[in-house]
Amino acid sequence: MISLRHLEIDGSNKITEMPARISKLSDLQTLTLFIVSKENGIDELRGLNLRGSINIQNLQNVLNPSDVDKVGLRKRHKLSSLGLSWKDSRDSTSAENENCERVIESLQPHLNLQSLSIKNYMGSRFPHWLMHLEVPNLVEVSLSRCERCKILPPFSRLHHLKYLTIQDMPDLE
């Protein structure tokens with residue numbers, strides 16, 4: 001399977017982790033879902049030549065934010081859609097929330113990104129790259145259950161934005 005180019009994983013809630021050594025699939029271009037586990041960390045994404053869309057789930061399992069830097073999303077100019085989600089954890093500690101903020105900061109995508117989804121983010125502020133619109137070509141943004149965030153990014157300055165979804169953000173001012 002080393003020559004596998006496209007792996008589309010949709011609609012399955014039973015997948016709890018990615019296959020071991022998925023990073024060895026150097027020809028893989030499409031990977032619609034990546035589940036971070038404690039055994040297979042986010043750094044498994046670093047050697048993949050991804051394009052199109054990817055949804056990265058269970059980001060609470062990233063214990064070391066420096067592992068995220070190795071992924072290099074900022075260099076992935078063929079990635080058009082990015083989903084970032086954490087497991088619902090309303091009882092998270094302040095240390096977990098700080099780690100969450102460091103992780104999302106390191107997940108800065110390339111400026112060509114067109115669609116961004118953030119779900120169950122427990123940080124108190126959105127990342128610098130989103131607040132300062134370092135992803136200016138966004139057409140679609142979805143923020144769901146970012147319950148501790150108080151301030152939204154200045155979406156009115158995104159000239160290409162057509163779809164904005166905001167759900168379950170009780171602390172929003």
Side-chain angles (χ1 to χ4, degrees), residues 6-13 15 18 29-36 42 45 48-62 65 67-69 71-92 94 96-173:
H6 306 283
L7 180 57
E8 294 187 19
I9 306 169
D10 291 324
S12 178
N13 295 334
I15 297 175
M18 302 309 295
Q29 297 173 6
T30 304
L31 180 63
T32 55
L33 175 66
F34 185 84
I35 301 171
V36 179
I42 196 165
L45 287 172
L48 303 179
N49 186 22
L50 299 175
R51 59 185 69 191
S53 66
I54 187 166
N55 185 6
I56 305 172
Q57 294 183 357
N58 289 354
L59 283 164
Q60 74 280 353
N61 289 331
V62 176
D67 290 343
V68 179
D69 291 331
V71 175
L73 286 182
R74 197 174 301 162
K75 298 175 187 170
R76 312 242 180 180
H77 64 279
K78 293 181 181 177
L79 205 59
S80 60
S81 178
L82 176 64
L84 304 173
S85 65
W86 287 256
K87 189 175 180 181
D88 187 9
S89 59
R90 295 180 187 166
D91 300 328
S92 58
S94 61
E96 290 170 328
N97 295 341
E98 283 180 34
N99 188 55
C100 182
E101 289 176 0
R102 287 193 301 269
V103 166
I104 200 170
E105 195 65 55
S106 296
L107 285 167
Q108 179 176 348
H110 192 274
L111 58 89
N112 288 343
L113 193 74
Q114 295 177 351
S115 177
L116 176 66
S117 171
I118 300 174
K119 185 176 181 183
N120 292 326
Y121 173 64
M122 297 311 287
S124 60
R125 58 183 172 75
F126 286 109
H128 181 271
W129 54 263
L130 187 57
M131 293 302 289
H132 293 275
L133 304 178
E134 294 174 19
V135 281
N137 296 314
L138 287 171
V139 174
E140 181 176 4
V141 176
S142 175
L143 305 174
S144 176
R145 303 194 77 183
C146 303
E147 296 184 0
R148 293 194 172 109
C149 288
K150 296 180 184 331
I151 300 171
L152 286 174
F155 291 127
S156 62
R157 294 192 332 215
L158 287 174
H159 302 294
H160 304 289
L161 189 65
K162 291 183 181 179
Y163 306 99
L164 177 61
T165 304
I166 300 169
Q167 294 178 316
D168 297 323
M169 294 182 60
D171 285 358
L172 200 58
E173 294 177 355

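From a predicted model like this one, the values you see are computed outputs, not experimental measurements. Side chains included, hydrogens not; waters and symmetry mates left out as well; all remaining heavy atoms used.
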Q: Just do the side chain to side chain contact (heavy atoms under 4.5 Å, CB included) check on Ile54 and Leu45 with the steps written out, would you?
A: CA-CA 11 Å; Ile54 187 166; Leu45 287 172; 3.9 Å; yes
Q: Can you check whether Ile42's main-chain N or O pairs, donor with acceptor, with Asp67's side chain at less than 3.5 Å?
A: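 Between the backbone of Ile42 and the side chain of Asp67 there is no qualifying donor-acceptor contact (under 3.5 Å).
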Q: I'd like to know if the side chain of Ser80 reaches the main chain of Gly52, judged simply by a donor and an acceptor atom lying under 3.5 Å from each other, with no hydrogens or angles considered.
A: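 Yes; judged by distance alone, with no hydrogens or angles, the pair exists.
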Q: Within the structure provided, determine whether Arg76 and Leu50 are in side-chain contact (heavy-atom separation under 4.5 Å).
A: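 Heavy-atom side-chain distance check passes, below 4.5 Å.
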Q: Please tell me if the side chains of Ile118 and Trp86 come closer than 4.5 Å, counting only heavy atoms from C-beta onward.
A: yes
Q: How many angstroms lie between SG in Cys146 and CZ in Arg125, if you round to the nearest 0.5 Å?
A: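 These two atoms lie 14.0 Å from each other.
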Q: For a 4.5 angstrom cut-off between non-hydrogen side-chain atoms, does Thr165 reach Leu143?
A: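 The answer is no; the side chains never approach within 4.5 Å.
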Q: Please check if the side chain of Gln60 supplies one atom and the backbone of Lys87 the other of a donor-acceptor pair under 3.5 Å.
A: yes
Q: If we only count heavy atoms from C-beta on, is the Leu111 to Pro136 side-chain gap below 4.5 Å?
A: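 Yes, at least one pair of side-chain atoms sits under 4.5 Å.
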Q: Are the side chains of Val141 and Leu130 in contact, using a 4.5 Å heavy-atom criterion?
A: no
Q: Look at the aromatic rings of Phe126 and Tyr121 and report parallel, tilted or perpendicular, splitting at 30° and 60°.
A: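 Judged by the thresholds at 30° and 60°, the geometry between Phe126 and Tyr121 is parallel.
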Q: Is there a side-chain contact between Tyr163 and Ser142, using heavy atoms and a 4.5 Å cut-off?
A: no
Q: How long is the straight-line distance from CG of Asp171 back to NZ of Lys150, given to the nearest 0.5 Å?
A: 4.5 Å
Q: Return yes if some donor-acceptor pair links the side-chain N/O of Glu105 with the main-chain N/O of His128 below 3.5 Å, else return no.
A: yes
Q: Check whether any side-chain N or O of Glu101 sits under 3.5 Å from a backbone N or O of Ser124 as a donor-acceptor pair, and report yes or no.
A: yes
Q: Rounded to the nearest 0.5 Å, what's the gap from CE on Met122 to CZ on Arg148? Could you check?
A: 3.5 Å
Q: So how far is it from Leu73 CG to Asp69 CG, rounded to the nearest 0.5 Å?
A: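 Here the rounded value is 10.0 Å.
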Q: Please name the pair of heavy atoms, one in Asn99 and one in Pro65, separated by the smallest distance, quoted to 0.1 Å.
A: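 Shortest heavy-atom separation between Asn99 and Pro65 comes out as OD1-CG, 3.2 Å.
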Q: Quick check for you: to the nearest 0.5 Å, what is the distance between Ser144 atom OG and Lys119 atom NZ?
A: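 Here the interatomic distance stands at 5.5 Å.
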Q: For Ile151, is the CD1 atom crowded, meaning more than 12 foreign heavy atoms sit under 6.0 Å from it?
A: no
Q: What I'd like to find out is whether the side chain of Leu152 reaches to under 4.5 Å of the side chain of Met169, using heavy atoms alone.
A: yes
Q: I need the minimum non-hydrogen distance between Asn55 and Leu84, along with the two atoms involved.
A: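 Residues Asn55 and Leu84, closest heavy atoms: OD1-N, 4.1 Å.
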Q: State which residue, out of Ile104, Asn120, Leu107, fulfils the side chain to side chain contact (heavy atoms under 4.5 Å, CB included) condition with Leu59.
A: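 So the option named by the test is Leu107.
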Q: Which heavy atom of Cys149 sits nearest to which heavy atom of Gly123, and what is that distance?
A: SG-O, 3.5 Å
Q: How far apart are the closest heavy atoms of Asp168 and Glu147, and which atoms are they?
A: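 Here Asp168 and Glu147 meet closest at O-CG, 3.7 Å.
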Q: Does any N or O in the side chain of His132 come within less than 3.5 Å of the main-chain N or O of Glu134, such that one atom is a donor and the other an acceptor?
A: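 No, the answer is negative, given that no donor and acceptor are paired below the 3.5 Å cut-off.
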Q: Supply the atom-to-atom distance Leu82 CG to Ile56 CD1, rounded to the nearest 0.5 angstrom.
A: 5.5 Å
Q: Please report the shortest heavy-atom distance between Leu79 and Leu113, naming the atom on each side.
A: O-CD1, 3.6 Å
